[in-house]
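Here is the structure we will look at.
Naming: A, B, ... by sequence-line order, numbering from 1 per chain. What you see below is based on every heavy atom in this structure, not just the backbone, and it leaves out hydrogens, waters and symmetry mates.
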Amino acid sequence: MSRYDPSVIEPRWQKAWDEAGAFTARHDPSKPKYYVLEMFPYPSGRIHMGHVRNYTMGDVVARFMAAKGHSVLHPMGWDAFGMPAENAAMERGGHPKDWTYANIADMKAQMKPLGLSIDWSREFATCDPDYYGQQQAMFLDMLEKGLVYRKAAVVNWDPVDMTVLANEQVIDGKGWRSGAAVERRELVQWFFKISDYSEELLTALDGLKDWPEKVRLMQANWIGRSRGMQFGFETAGAPQGFDKLEVYTTRPDTLMGASFAAISPDHPLAKELEKDPAVAAFIAECRKGGTSAEEIETAEKIGYDTGIKVKHPLDPAWELPVWIANFILMDYGTGAIFGCPAHDQRDFDFATKYGLPIRPVFVAEGAEDAVLDAAFVPMKSEKVRYIRGFAGVETQTGDEGVAAAIAHAEAQGYGRGVTKFRLRDWGLSRQRYWGCPIPVVHCAKCGVVPEKKENLPVRLPDDVSFDKPGNPLDRHPTWRDVPCPACGAPARRETDTMDTFVDSSWYYARFTSPRAATPTDKAEVEYWMNVDQYIGGIEHAILHLLYSRFFARAMHATGHLPQKAIEPFNALFTQGMVTHEIYKTTDERGRPVYHLPEDVTSFTLGDRRVVVLGDVPPPDPELIADVDAWLQELADAGSLVEVIPSAKMSKSKKNVVDPMNIIAQFGADTARWFVMSDSPPERDVEWTASGAEAAYKHLSRVWGLCSRIGEMPADHTGTGDDELARATARAIDEITKGIEGFAFNKAIASLYAFTNTLARANASTPAMKEAMRTLAKLMSPMVPHIAESIWSYQGGAGLCAQAPWPKADPALLVDDSVTLPIQINGKRRGEIVVPKDMAAPEVEKRALANEDVIKFLAGQPVKKIIVVPGRIVNVVV
RNA sequence: GCGGGUGUGGCGGAAUGGUAGACGCGACAGACUCAAACUCUGUUUCCGCAAGGAGUGUCGGUUCGAGUCCGACCACCCGCACCA
């Protein structure tokens with residue numbers, strides 16, 4: 001067997017798999033199916049280590065499940081619509097379509113050498129007219145079902161570029177290109193009625209047993225069901241038609257602590273009052289800045305006293321002022337609240353700023369009324385003593401207080417208990433070109449008219465330019481002009497396109513029949529759905545996954561998915577990022593300059609790590625008399641590099657490692673092995689050059705071992721056959737459990753251990769060959785190419801990729817005796833070896849007879865002995 | 001600001017409430033070599049010559065026993081609805 005040369009074996013095996021059609025997904029009713037899916041990539045043009053990690057994980061699962069006898073579906077596609085393509089067109093000219101398809105070709109060419117077990121015959125891009133045409137068909141079905149509607153909503157408006165900005169294009173409240181102060185502006189837009197499913201999406205989370213607890217919790221908090229009370233304040237001095245002000249509160253028990261009422265700047269009453277220039281000026285102030293919750297909630301709280309009063313529902317003589325406040329959101333509740341500064345921090349800050357009264361309603365159990373220097377906000381499950389209560393007993397929990405207050409309001413008739421959700425409807429309109437066109441037409445006579453299905457797809461026009469900001473569809477000379485599908489009169493196409501989250505909300509279903517003439521094919525979704533294992537980043541914990549869950553329900557409602565697929569992902573795994581150190585210097589004007597890992601050299605000097613620019617040989621420490629002076633010299637020359645601790649690989653920080661370079665240097669198996677070893681898959685993994693080399697060295701060692709075993713004389717005998725068989729069984733057991741439990745790093749640790757055992761084993765030639773074949777199969781999900789070479793060299797039948805997973809003989813997994821540590825007062829002081837099933841009293845006797853124990857006890861009386869069978873003995877003195 | 005998560009040797013990490021540091025990297029020592037690299041063997045949590053002691057972000061609690069459970073705090077990461 002020759003030297004380990006991945007550049008030779010990897011293409012050879014990839015060809016062999018292709019020719020055998022090893023990864024073609026087959027609809028085979030005689031086998032259990034398994035659908036493994038990694039979140040599909042945005043075609044940026046370059047794959048990065050995060051992709052390698054994500055797809056290797058999926059590949060390990062896919063290859064493992066195939067070996068376990070499943071018919072596996074492991075597809076790949078492209079999340080191809082979105083802003084970067086338009087930005088590229090603006091910056092470099094060209095067309096988003098050309099840019100995107102070129103990127104897809106480039107990225108696919110980079111993914112192929114990884115040797116992933118993907119069924120490429122099912123590939124599609126969301127920007128393929130065939131895909132988005134089916135999406136448009138579903139949009140029309142959903143429109144018909146009442147799951148889509150139009151309403152006004154706020155967007156980020158750049159007043160200089162006259163265009164809508166995405167949140168990420170708003171930097172410090174300013175437009176990223178124009179630098180102009182961004183405003184919030186209302187626009188009529190399309191919405192999916194996800195709120196129809198709030199309750200359902202929340203309660204169904206309980207059934208997602210194989211989803212991470214944290215994701216379910218995040219979704220539950222996002223949906224945000226709350227039980228509260230809604231009531232109408234009677235107003236005094238309000239404009240006509242506003243004699244009631246509806247407010248919603250989750251703390252009606254604090255009603256006697258009310259200090260003011262506040263409405264959102266977007267509230268109808270605020271809009272009515274905007275006729276007053278002073279109010280208009282204040283509301284304009286509130287509209288400054290972007291639409292993101294982060295920006296709104298971290299903005300300074302400001303308010304405007306309208307002069308209007310409301311009457312307290314429990315005491316009509318008690319009047320509260322009505323303020324307009326920038327931190328009240330129109331989207332939540334009724335867009336109006338009553339403020340109770342004593343028990344809400346935001347209200348407290350507001351009241352302090354504007355000199356409004358702060359009246360405590362309850363105090364901690366056993367405490368006296370005291371002046372507050374911050375809002376007192378205990379958990380609702382905690383008991384408190386009400387000093388200004390009006391319902392329920394004096395001392396009760398917050399929850400009981402709320403329930404009593406609602407009951408009181410309902411009995412007296414001034415309010416009612418209601419359940420509200422934080423979840424808002426999903427705004428899908430985007431004022432951009434590179435997205436799925438919304439297939440409707442606006443007719444002066446008929447209003448909004450759906451496009452006819454036979455006219456789908458509504459294709460994006462190719463003749464567009466990006467020399468001006470804004471949506472080219474909006475200024476296209478002809479594309480917009482169409483006859484009304486209903487009356488035939490001249491009408492206008494909708495120029496908004498869909499949010500790219502729509503594209504990614506159903507691609508998993510399309511993979512089951514990617515060329516079907518309808519969005520899905522009944523028999524195929526029936527066989528392949530659901531996705532058995534979904535793998536992707538935690539950054540998608542809420543939006544993408546929640547939208548997909550909604551979309552699957554909407555697809556069921558419109559006949560595109562069976563009932564069983566309304567939760568499309570049976571199991572979810574969220575993997576961590578690939579990180580790398582950042583290398584930084586500063587230019588003469590003090591601005592940071594970042595450097596690629598390959599452009600710096602790192603060495604150690606004493607206990608110090610020094611990184612310098614360029615590919616230079618490490619200095620001889622003996623030649624440096626004064627290290628500090630020498631470093632200062634380097635720093636003055638500008639070649640001393642500052643090392644910033646690991647962060648997510650990003651182009652702007654240049655802390656990126658190109659997988660193509662790693663594959664060229666070490667091969668795909670090394671890259672795959674590295675990203676699966678060491679770090680647990682859910683955690684971030686730091687890419688290090690030494691780690692990659694170590695992975696390569698190990699694979700070379702395994703290759704050498706295989707070679708050595710291959711050269712053993714056929715009649716060689718040894719004394720270690722039994723021991724090797726036990727080690728093999730243990731390895732099978734551990735690695736199987738590791739892969740099943742997504743503990744790939746532990747599976748790899750077991751592979752290292754088994755390799756070491758095999759290298760040291762003194763067993764017969766047939767036993768060694770057998771163990772080597774098993775090792776190859778056990779390694780094959782992670783490093784399929786080298787495994788295939790070893791498999792064929794050791795006489796394995798057929799392709800390793802199509803061989804069944806080995807089974808561990810249970811009889812070989814049990815040990816007869818066990819080593820028990822002995823603790824004295826919880827500290828380990830000795831150990832004894834006893835038969836596995838020895839009775840506790842006998843274990844006690846042996847433990848106390850142990851030399852170390854006798855020495856440590858030094859005659860002290862023993863108070864108690866705890867024997868945990870098979871685990872530990874603890875002697876308490 | 002709000003919601004969620006993470007924190008263990010020089011480094012990545014392992015550990016059903018039961019021997020903290022498996023496995024790997026790095027470092028050190030030895031073998032091989034004219035020499036270096038490669039490879040192989042061994043050592044490697046810290047303090048201490050040793051006996052022994054300390055130790056899982058910090059402080060406190062529950063337990064015979066806590067990295068693991070509970071409470072408070074600190075640091076970092078992810079998300080916040082138009083980035084994908």
Side-chain angles (χ1 to χ4, degrees), chain A residues 39-42 44 79 81-84 153 155-156 164-170 189 194 212-215 217-222 224 290-299 301 327 331 345-346 349 422-432 499-501 503-504 537-544 546-547 574 576-577 579 604 607 609 645 647-648 677-680 682-686 688 690-691 693-695 697-698 700-701 704 743 745-746 748-753 756 819-831 863-866 868 870-876:
Chain A
M39 290 180 186
F40 67 164
Y42 180 79
S44 63
D79 190 13
F81 274 135
M83 293 200 302
V155 294
N156 299 303
V164 175
L165 298 179
N167 281 341
E168 72 157 10
Q169 296 173 317
V170 179
Q189 307 190 67
I194 190 172
E213 184 60 42
K214 61 178 170 185
V215 174
L217 194 59
M218 279 191 258
Q219 292 215 352
N221 288 338
W222 184 261
T291 58
S292 74
E294 189 184 358
E295 197 170 330
I296 290 165
E297 286 180 38
T298 52
K301 292 172 188 62
F327 61 94
D331 292 316
Q345 192 57 44
R346 282 189 306 190
D349 296 341
R422 207 186 71 102
L423 180 66
R424 310 200 296 254
D425 276 334
W426 171 10
L428 68 116
S429 297
R430 297 292 179 269
Q431 295 70 41
R432 272 187 274 279
D499 178 7
T500 56
F501 273 124
D503 312 335
S504 56
I538 184 69
E539 65 273 22
H540 296 291
I542 297 174
L543 294 179
H544 162 61
L546 189 61
Y547 289 157
T574 55
M577 299 177 300
T579 64
T604 47
D607 54 1
R609 178 150 172 255
K648 180 177 184 169
S677 59
D678 292 350
S679 283
E682 67 276 16
R683 254 199 266 171
D684 293 351
V685 63
E686 183 180 348
T688 59
S690 60
E693 274 166 40
K697 279 184 199 170
H698 176 72
S700 301
R701 246 190 319 265
N745 56 322
K746 285 190 257 173
I748 287 201
S750 299
L751 283 169
Y752 271 110
N756 291 339
T819 304
L820 289 185
I822 303 167
Q823 297 182 331
I824 294 173
N825 287 343
K827 288 257 176 221
R828 183 181 177 278
R829 297 301 183 188
E831 61 182 39
K863 279 193 199 148
K864 193 171 165 188
I865 301 185
I866 292 136
V868 183
R871 299 302 284 188
I872 205 165
V873 180
N874 192 11
V875 182
V876 186

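- For B:C2, its base never sits under 3.5 Å from the side chain of A:Glu294 at any donor and acceptor pair.
- The listed nucleotides are B:A84, B:C82, B:A54; the one nearest the side chain of A:Lys827 is B:A54.
- Atom CG of A:Leu423 is separated from atom CG of A:Leu546 by 6.0 Å, given to the nearest 0.5 angstrom.
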Under-3.5 Å N/O pairs linking protein and nucleotides 23-29 of chain B:
residue: B:G24; atom: OP1; partner: A:Asn756; partner atom: ND2; Å: 3.0
residue: B:C25; atom: O2'; partner: A:Ser690; partner atom: OG; Å: 3.3

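- Consecutive Watson-Crick or G-U pairing (both distances under 3.5 Å) extending over three or more pairs maps onto RNA chain B as B:1-7 with B:74-80, B:10-12 with B:23-25, B:26-31 with B:39-44, B:45-47 with B:52-54, B:57-61 with B:69-73.
- Among the heavy atoms of the strands lying under 4.0 Å from A:Asp79 are primed sugar atoms or P, OP1, OP2 only; no base atom is included.
- Rounded to a whole Å, the CD atom of A:Gln169 is 14 Å from the P atom of B:A81.
- When the nucleotides B:A84, B:A81, B:C82 are ranked by their closest atom to the side chain of A:Pro84, B:A84 comes out on top.
- A:Tyr752 and A:His698 have tilted rings, their planes meeting at an angle from 30° to 60° on a 0 to 90° scale.
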For nucleotides 5-7 of chain B, tabulate all protein N/O to nucleotide N/O atom pairs closer than 3.5 Å, reporting atom names and distance.
residue: B:G7; atom: OP1; partner: A:Arg683; partner atom: NH2; Å: 3.4

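- Scanning atom types as modelled, one donor and one acceptor separated by under 3.5 angstrom connect the side chain of A:Gln189 and the base of B:C82.
- Between the CG atom of A:Asp349 and the P atom of B:C2 there is a distance of 10 Å, rounded to whole Å.
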